[in-house]
Structure formats: C-alpha cells, structure tokens
Engineer: 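Okay, here's the structure, questions in a sec.
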Amino acid sequence: MLEHQVEPLFKATAPGGLANIFAAFLVFTLLSGTHHEADALWLTSGVILLSLLRIVVARDYLLKKTYSLQTYLNTHVFLTFLIGLTWGVCIFIQNDPSDEAIRNIVFLLNFGLIAGSITTLSTYKAAYLAYSLPQLLAIVLVFIVIDTAVSHYMAFAVFLSTVFMMTASFSINRSHKTEVELTYNNKQLINDLNNEIGIREQIQLELEDNKRKLEQTVAERTKDLVETNTDLEKVIEKKELAEESLQYLAYHDELTGLPNRNLLINRIDHSIETAHRNKQQLGILFLDLDRFKAINDSLGHIIGDKLIKQVAKRLQRTLRKEDTISRNGGDEFVVVIQRMESSEEAIGIAQKLIETLTSIFEIDSHKIHIGASIGISVFPNDGDTALSLLRNADTAMFSAKKAGGNRLQFYNESMSNRLRERLTLESELHAAINRDEFYMVYQPQVNCETGHTIGFEALLRWENKKLGHIGPDQFIPLLEETGLIYDVGEWVIHEVIDFISKGNIGDASVSINLSALQCGDIEFVDFIRDEIKHAGIKASQVEFEVTESILINDFEMTEVFLNELHDIGCSIALDDFGTGYTSMSYLTRLPIDVIKVDQSFIRNIDSNTTLENIVKAIVNMSSSLGMTNIFEGVETDAELEVVKKLNGSLVQGYLFSRPLDVINVEGWMSHERPADCQAL
Ligand code: C2E
Ligand code: CA
Ligand code: CA
C-alpha cells in the first residue's frame, strides 16, 4: 500500500527539484550584487546539489529499487529536509531590512515553492513537513526578529498560512491515501476478478478440453464398438456356418451325402406317424453289399469308397423321389418305402435294387462284381418304432446273407429269436477259453473181438455258467464262424497231448476232430509237431478226424496239410463217411488210414437190409484201399451183431461207453467201468 501511496512522491521529485533549482537561480540573481551575494551562492548551490541528489535517488527508486522502500523514503525525506533547511537558512539570513523589496520577493518565491510542494510532497506527510516547516518557521522567525507591529502581524499571518497549508496538505494526503487504497482495492478487485475470470476461463478451457477428449473417447469407443460388433457379426456368421455344417454332418453321410442313421431314424419316426394316421404300410429295406469286405481288403479303401459312392448313385436312380435312402455306415444302406400298398411292392423295389447292383462296376479300370442282400421289415407287422423296424430288417438281411446272399428276405419272428440266442452264445463263447469253460471227454473205441480198447475219440465240451451245458453241434459252427476255432483247436491239441502224456491209456491212440478251416492252415501242423515233440509222446498215438467238408478247401493245400500231418506219424480218419457226396477219386489221393462209418448207417442196421448193403460196400471199398473201418454209434447188441457179421471189429458207441471224463478214463482202462456207462 505504502508503495502505491509514495509512488507520486518519487515521480514528482524531478519537477519539484527543477522548480527548486529554478527558484535557487532566481534568488541568486536577486541577491547578487547585495552583501548577501556570497551566502546566496553557497545556499543556492546547496539547494541545486541537494535537489539533483534527490532526483537521482528518486530515479534510482523508480528504475532500480536497489534498496528497501523505507531507505529510499528516509533518504528522500532527509534530502527534502536539507533543501527545506537550506531555504530556511537562506530566508533567515535576510532578516535585515536593508532591501525589503528583494526580501519580500524571496519570501514570495519560497511561499510559492511551499504552496507548490503541497501537490508534489503531500503524498507523504513527513516529506512535506520536512520541506515546508524549516522555511515557514524561518519566515515567522524573520518577522519576529524584525519586531515591528506589522511584522508581528506578518508572523501571525504566515503562521496561519502554515496551519492552512498543513491542513490542506494533510487533507490532500488523506484523500490521496483513500484514492490509493481505493485504486489498490479496485485493482485488487479487478485482479481478483481477472483471476476469477482466468480461473473460469481455465476451467472453461479444461471443460472444453475434457469435452473434446470425452467426445474423442466416445468416438473411439464407438468405432471400437462398431468394429467389435462387425467382428462379432463375422464370428456369429462363421459360427452359424459351422453349426450349419455340423448340423449337416450330424445328419448326413460325408462320403455319399445321403442321410445318415440319425436322420433316417427321424424320417422313419415321422413316416410311422403318417402311416399310422392314414392306416398305411411302411417298408424298411436293409441292404448290405455282398463281398464288399473282400473288395475293400484286396483293392484298398479308396476303391472301396468310390464303389460305395457309385452304389449310392445307382440306388438313388432306381428309387422313387418320395422314398428315403440312407447310408447306415460301412456297406449298409436303408431304404424307406412310404405308403406301401402291399408287400409285393417291397419285393419289386428290392429286386430292382439287387438287379441294379449286380451289373458290373468299373472303378479305376477295375471291373468289380458285387451283389446285395436285402432284409425287409414292414410297419406295423414287424415293429412300431424306427429302431425295432431297423433291427428286424437287419435280422432278415442277415438271414438272406446266410442263405447265400444276393437275395431278399422278409423278416419273421423266429429269426429274431435265433439271432438273439446266437448273439448271446457268441458273446459267451468269446470269453470261454479264458474262463476255463472248455474241457475234453474221451469216448473209447473198442476192438469187439478182443475186447481191447484201441483208442479214444476226444470230444470237446463247453459248460457255461450262464447257459449251462452247450452241445458241440451248437458251438462248433459258431467257433468256425467267429474264427475262434483256431485258438480253441490249439487248446484241444494241447489238452489231448497232455492227456496222452500222462500214460493212463497205454498205447491206445486218441483221435482229434479237425474242422475244415483248420486244415487250411499249414502253420497248424508245425504247432502239432512241436506239441508232440515237447510232450515226448509217440505221434502214432495221435489220430486226426476230418470230414469230407475239407474238400471245399483248395485241394492241393488240403493234400499238403494232411500229408504233413501223416508224415509226422499221425494217422488220418475220414469221419462221418457216407453222408457227403465225395468223389472217391479225390479221397484216394489223400493219406487216409481209417474210414469212420457214420452212425446214421448203423442206426437200425439190424432191421434195414439196404443200410446193411451200403455198409458192406463201404467195408469192401475200404479194405480194397487198404483202410480200416470204425463203426460209430453202435447202441445195441443187435447193431453190433450186424457189424460183426460184416467183418467189422472196431466199434465206438454207447453200447460200450459214452464219452468219459479224464478220471473215468482211468477207471475204464483198469476195466473198472463206470457202473452205468453214463454219458458225461
Ligand atoms: P462226431 O465227430 O461224429 O462225434 C461223434 C458224436 O457221436 C459225438 O457227439 C458222440 O458223443 C456221439 N456218439 C457216440 N456214440 C454214440 C451213440 O452210440 N449214439 C449216439 N446217438 N451218439 C453217439 P458229440 O460229442 O456231441 O459231438 C458232436 C460233433 O461235434 C462231433 O461229431 C464232431 O463233429 C464235433 N466235435 C466234437 N468235439 C470236437 C472237437 O474237438 N473239434 C471239432 N472240430 N469238432 C468236434
Ligand atoms: Ca468225430
Ligand atoms: Ca462222426
């Protein structure tokens, strides 16, 4: 505040100083030539020097502010006082009334200076007092010193003037201060306002900046969102496409593009509903290609796949539009015949399908001939659900296949039962070896002339925990069909040779039945050789029974197989002789030692002369070929008598013994025959 208050003091120093300097020159000019000239010179010089010095100080403050404000003020006031004092001395030295006129002019000059300084010095009271008081006091003193009535009035007048001037100066000083304060406060206010405005502007700017940033962020986010949205749409589109193709794959066969089993079941269910409503029949044709597996195995699956595709095309071409064809997997196809009037319709379509598949396929320069077996089930007779209709058509197809293939077969209920039984049997059979469910029994073969036991026929038995005793006529064909016969056959060889090696039967031989399948496996001979060698028994104690069915195999191979067996030292028996249609010329080329006359010739031979004649012929033929005979299935003394009459000596039958288990064989050998010769 003080700073603002005294600013005019410093600014007015230069004009104030110049006024003093000018007045000093004037006074000197007035006093020169008077006896005050010397004093006037010194005093005038003093005023001029001091005024200049004060100007310098003021300039320094205004321009540089090297020292504190108070220092400048003190210095300024001090110099002002010195100027005032100098003037005061100057006035005082003129108290002699020698030249009253000059004196009064000087007084007037000083008065003028003091009056004038009200404007320049009033802003700071001390400065004004320091300047004016020495001069005014000097004037008052001079008038007092003169000591006249007039001078006393003059002193009093000057004193009054002094009081007025002081009052005026103080008043100016006060109003100056107020003005400065006001100005300052206004400035402060304006500053505050400006600050406020600045702050507001700043805030406004910040707000705008934030708004801009926000808009930018929103724009960016919107862009991001739009992009994300587009991406999402693309993902969804892709997902939908993937779902569509998954959906397609879920219901179609990839290779042929035909409906697959899932879709088929849907369609059948749907067709059943319609057929049920309209009281119509529905035909399900289950088609399986004949020989497809062989083609796939020999020509490879690429050709196999191409064949399936062509088959699909031919089938589609043959069918009506409204009928559904589907691929069930592998080489199986299923056709659904809608609105079937009668089963004749199914026959007609099935025959057409078989026909279309019978003509040759040409794939990659291979000429392929296949056929098809078709099983037919009909709604509502053969089932009322898709699954039961399909299962029954499948069963019928299986039956068609068993009957030789390339044919159609309608479903009937007995098929289903047979199939079920067979499936159970099959699954049990697979586990039988590991579960130790097989065992061997041995039926003695007796020389009825000497009463000696010359050998035994080894017969396989199967005792299943769930199904009980299952006869070989039932399970042997299954072993053959499932291929288990090879493993079970080896197990039999091992068991029998082990049985012989125990030495309980002396020199008697044991004959083992072989399936035709086993006779096609040369490595099997090696196995037998090793087993015999390993057990250390005589090969002559082992005989093999084969039936005429071995002739369905490649003859050369069968010949090699039997010769090798024979070479080991085992004898070969031809089983069930007379039941087949064997060409004798073939048989003579095989190393056969024994012909077993089938029990069907022995049964009731005593009362049937035709049978007797046939057996007589067999015996003659055998002896002419150097073979011996065994007569199977002798059950009665009467049958035995006829056999004996025909020079038959080797017999096997219930008359002597039923097949025996290992323990009873021991008893048999020691002639302690089982009391009732019960079958085991
Ligand atoms: P198969 O080779 O003709 O065996 C003789 C069958 O006649 C045996 O039946 C035997 O028990 C039965 N038999 C013996 N004497 C009489 C009799 O006086 N009267 C009557 N009614 N039957 C008699 P099984 O044991 O049921 O065998 C049936 C067929 O099973 C066998 O006929 C044979 O072909 C086959 N088989 C048995 N075991 C084996 C084996 O280990 N391997 C092979 N591949 N087939 C076997
Ligand atoms: Ca036999
Ligand atoms: Ca037999």
Side-chain angles (χ1 to χ4, degrees), residues 429 432-433 437-446 448 455-463 469-499 509-521 524 528 542-550 553 565 571-580 582 592-606 615 618 629-640 642-643 648 650-661 664 677-680:
L429 203 53
I433 286 196
E437 291 180 351
F438 289 122
Y439 64 97
M440 301 305 296
V441 291
Y442 300 91
Q443 186 176 33
Q445 297 168 331
V446 180
C448 60
F456 293 86
E457 179 175 2
L459 296 159
L460 181 61
R461 293 289 178 266
W462 178 25
E463 188 75 33
H469 179 81
I470 297 127
D473 289 329
Q474 247 185 302
F475 72 79
I476 298 285
L478 257 186
L479 284 179
E480 290 172 343
E481 278 171 37
T482 53
L484 286 168
I485 191 72
Y486 300 104
D487 286 348
V488 176
E490 287 189 355
W491 180 85
V492 169
I493 302 284
H494 183 81
E495 278 292 304
V496 171
I497 290 176
D498 186 56
F499 167 73
S509 63
V510 179
S511 59
I512 300 169
N513 292 283
L514 291 184
S515 285
L517 285 175
Q518 291 170 284
C519 300
D521 180 12
F524 186 46
I528 295 167
V542 184
E543 185 173 76
F544 289 98
E545 295 187 12
V546 293
T547 63
E548 292 159 80
S549 65
I550 50 165
N553 289 337
L565 265 189
S571 55
I572 312 288
L574 189 64
D575 203 1
D576 302 339
F577 188 78
T579 54
T582 320
I592 292 164
D593 306 295
V594 181
I595 284 184
K596 291 185 85 172
V597 181
D598 192 70
Q599 50 182 293
S600 57
F601 297 110
I602 307 303
R603 190 74 55 250
N604 304 321
I605 197 172
D606 52 310
V615 173
I618 294 172
N629 292 113
I630 292 183
F631 297 85
E632 266 193 298
V634 178
E635 288 184 355
T636 63
D637 286 322
E639 286 164 3
L640 182 64
V642 182
V643 169
L650 307 181
V651 228
Q652 180 187 342
Y654 292 171
L655 180 64
F656 299 92
S657 173
R658 291 194 175 229
L660 305 168
D661 68 11
N664 287 325
C677 277
Q678 283 291 305
L680 292 156

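Both counts, for ligands and for their atoms, begin at 1 and track the order of listing.
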Engineer: How far is atom 11 (O) of ligand 1 from the closest protein heavy atom, and which atom is that?
Structural biologist: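 Looking only at protein heavy atoms, the one closest to atom 11 (O) of ligand 1 is P659 CG, 3.7 Å.
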Engineer: Within the distance-only criterion (no hydrogens, no angle test), does the side chain of D593 pair as donor or acceptor with the backbone N or O of I572 below 3.5 angstrom?
Structural biologist: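 Yes, D593 side chain to I572 backbone: donor-acceptor pair under 3.5 Å.
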Engineer: What protein atoms of element N, O or S are positioned under 3.0 Å from the Ca ion (ligand 2)?
Structural biologist: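 Hits for the Ca ion (ligand 2) below 3.0 Å: E457 OE2, N513 OD1, E545 OE1, D575 OD2.
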Engineer: Going by the rule side-chain contact (heavy atoms from CB on, under 4.5 Å), which residues pair with N604 if we only count those two or more places apart in sequence or in a different chain?
Structural biologist: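 side-chain contact (heavy atoms from CB on, under 4.5 Å) list for N604, sorted by chain: S607.
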Engineer: Could you tell me which residues satisfy ring-ring contact (aromatic ring centres under 6.0 Å, His included) with F524, sequence neighbours excluded, listed by chain and number?
Structural biologist: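 Scan of F524 (ring-ring contact (aromatic ring centres under 6.0 Å, His included), adjacent residues dropped) gives none.
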Engineer: Are any of the N/O atoms in Q518 less than 3.5 Å from those in ligand 1?
Structural biologist: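 Between Q518 and ligand 1 (N or O atoms, distance only) the closest approach is not under 3.5 Å.
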Engineer: Can you tell me the protein heavy atom closest to atom 21 (N) of ligand 1 and the distance?
Structural biologist: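 In this structure, atom 21 (N) of ligand 1 has E635 OE2, 3.1 Å as its nearest protein heavy atom.
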Engineer: Are any of the side-chain heavy atoms of V488 and I433 separated by less than 4.5 Å?
Structural biologist: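 They are in side-chain contact.
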Engineer: Quick one: list whatever passes side-chain hydrogen bond (donor to acceptor under 3.5 Å, both in side chains) with S571, sequence neighbours left out.
Structural biologist: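 Per chain and number, S571 pairs via side-chain hydrogen bond (donor to acceptor under 3.5 Å, both in side chains) with E543.
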Engineer: Which residue supplies the protein heavy atom nearest to atom 45 (N) of ligand 1, what is that atom called, and how far is it?
Structural biologist: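 Protein heavy atom at minimum distance: N513 CB, 3.5 Å.
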Engineer: Got the closest protein heavy atom to atom 30 (O) of ligand 1, with its distance?
Structural biologist: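 For atom 30 (O) of ligand 1, the nearest protein heavy atom is P472 CB, 3.4 Å.
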Engineer: Short N/O distance, under 3.5 Å, between G653 and ligand 1?
Structural biologist: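 Min N/O separation from ligand 1 is not below 3.5 Å for G653.
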